[in-house]
2 protein chains.
Amino acid sequence: MRLSTKGRYAVTAMLDLALNGKNGPVTLAEISENQGISLSYLEQLFAALRTKELVRGVRGPGGGYYLGKSADDISIANIICAVDEWVEFTRCGGRQNCSGGARCLTHTLWDDLSTEIFNFLADISLGDLVRRNLGKKDEEEKLTVVASSDSQAA
Amino acid sequence: MRLSTKGRYAVTAMLDLALNGKNGPVTLAEISENQGISLSYLEQLFAALRTKELVRGVRGPGGGYYLGKSADDISIANIICAVDEWVEFTRCGGRQNCSGGARCLTHTLWDDLSTEIFNFLADISLGDLVRRNLGKKDEEEKLTVVASSDSQAA
DNA sequence: GCATTTCCTACTAAATCACTTGGTAATTAG
DNA sequence: CTAATTACCAAGTGATTTAGTAGGAAATGC
């Protein structure tokens with residue numbers, strides 16, 4: 001598992017999209033403005049998110065980005081993996097002379113931990129985060145959550 | 001929270017130390033050999049670990065490193081924070097014009113998530129990891145023994 | 001005294017980060 | 001159709017981080 005600032009930018013941008021994309025697409029320019037991330041960096045991140053089908057782009061005036069699926073079906077792990085290109089940590093998955101030695105033992109331990117971290121993040125969806133915050137901000141605004149708005153009828 | 005390869009190296013090295021340091025100190029040369037990490041890089045990592053008192057160095061022949069405290073009192077979060085120098089993610093902790101806007105909302109969400117990840121890693125100790133693996137190893141050995149006796153019987 | 005080992009500083013090639021620049025392709029408003 | 005808007009794409013860049021070298025100095029055991 002790799003959790004860098006790049007992953008944080010991606011999660012932040014996806015949160016922005018989940019919050020503001022209820023009625024109509026959100027432009028990268030808006031996200032750039034809202035979150036203080038450069039437009040071109042967002043483009044790079046969204047290129048990765050697009051290939052993993054976590055977002056869907058619409059060109060032309062009035063265009064922008066939609067979530068690729070329901071916010072409940074997008075986990076934090078999905079987002080981070082999309083932009084951080086999950087690398088294999090230990091190249092000794094039981095093979096080679098590494099098995100049995102001290103290195104492989106610690107590698108196994110690390111792999112187990114890494115899997116746990118991944119599972120933890122895979123269990124948290126964008127929808128979860130948004131709803132959790134809505135609970136806190138309940139009385140200020142009633143921002144209805146995305147899940148209903150996958151009626152992106154063209 | 002920041003989980004980089006640097007943090008992984010540190011956790012791996014600390015695991016090695018926890019596993020092999022039961023009777024006497026472990027030299028960085030040994031860890032370097034076991035884990036395939038360069039000696040000088042280990043020195044840098046252990047300099048950080050030392051200032052956080054997660055390890056204790058003993059100079060001279062027969063010297064090396066001990067854990068700074070019990071393996072049960074060292075969390076994964078402790079280790080990662082020691083080498084990765086936990087940076088503040090969002091500079092708008094309720095202050096400035098950021099509060100209320102879309103940026104601050106997503107920042108709050110991210111901060112909550114970040115705290116959760118930290119708590120998750122703070123709940124896992126070196127001792128936990130080691131015991132977990134020892135449990136597995138015992139089972140494997142038992143299975144191996146059973147298997148071989150089976151094959152003998154057959 | 002000598003070998004060992006931690007401890008310390010400076011340096012470096014390679015990678016990554018976050019961004020800039022300069023486009024092209026699709027779509028809509030007029 | 002034209003012009004504006006937006007996603008899409010590629011090359012390059014300074015700053016930082018990564019992982020490692022190199023060359024020591026200080027403490028300690030024999």
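Letters A, B, ... are given to chains in the order of the sequence lines, protein chains preceding strands, and every chain is numbered from 1.
- Considering all non-hydrogen atoms of both residues, A:Ala48 and A:Ala82 come closest at CB-O, 3.6 Å.
- At a threshold of 4.0 Å, the pair A:Asp72-A:Arg131 counts as salt-bridged, since one of the basic side-chain nitrogens sits closer than that to a carboxylate oxygen.
- Close to D:dT5, at under 4.0 Å from its OP1 or OP2, lies no side-chain N or O of A:Thr27.
- Of the residues near DNA chain D, A:Ala47 and B:Pro61, the one whose nearest nucleotide (by heavy atom distance) lies more toward the 5' end is A:Ala47.
- No more than 12 heavy atoms of other residues, nucleotides or ligands sit less than 6.0 Å from atom CD of A:Glu33.
- Under 4.0 angstrom from either OP1 or OP2 of C:dC7 there lies at least one side-chain N or O belonging to B:Tyr65.
- Residue-level contact check: B:Phe46 touches neither bases nor backbone, having no heavy atom under 4.0 Å from any strand.
- Here the C1' atom of nucleotide C:dT16 and the CG atom of B:Leu3 are 16 Å apart, to the nearest Å.
- When the side-chain nitrogen and oxygen atoms of A:Ser40 are compared with OP1 and OP2 of C:dA18, none of them lie within a distance under 4.0 Å.
- Put simply, A:Arg59 has no side-chain N or O that comes within less than 4.0 Å of OP1 or OP2 on D:dC9.
- Comparing A:Ala29 and B:Ser38 by the nucleotide of DNA chain D whose heavy atom lies nearest to each, the residue mapping closer to the 5' end is A:Ala29.
- Atom pair B:Leu42:CG and D:dT18:C1' shows a separation of 14 Å (rounding to whole Å applied).
- Contact annotation for B:Leu39: no contact, since no heavy-atom pair falls under 4.0 Å across all strands.
- Atom OH in A:Tyr41 sits about 12 Å away from atom P in C:dT16, given to the nearest Å.
- Within 6.0 Å of CD in A:Glu43 there are more than 12 heavy atoms belonging to other residues, nucleotides or ligands.
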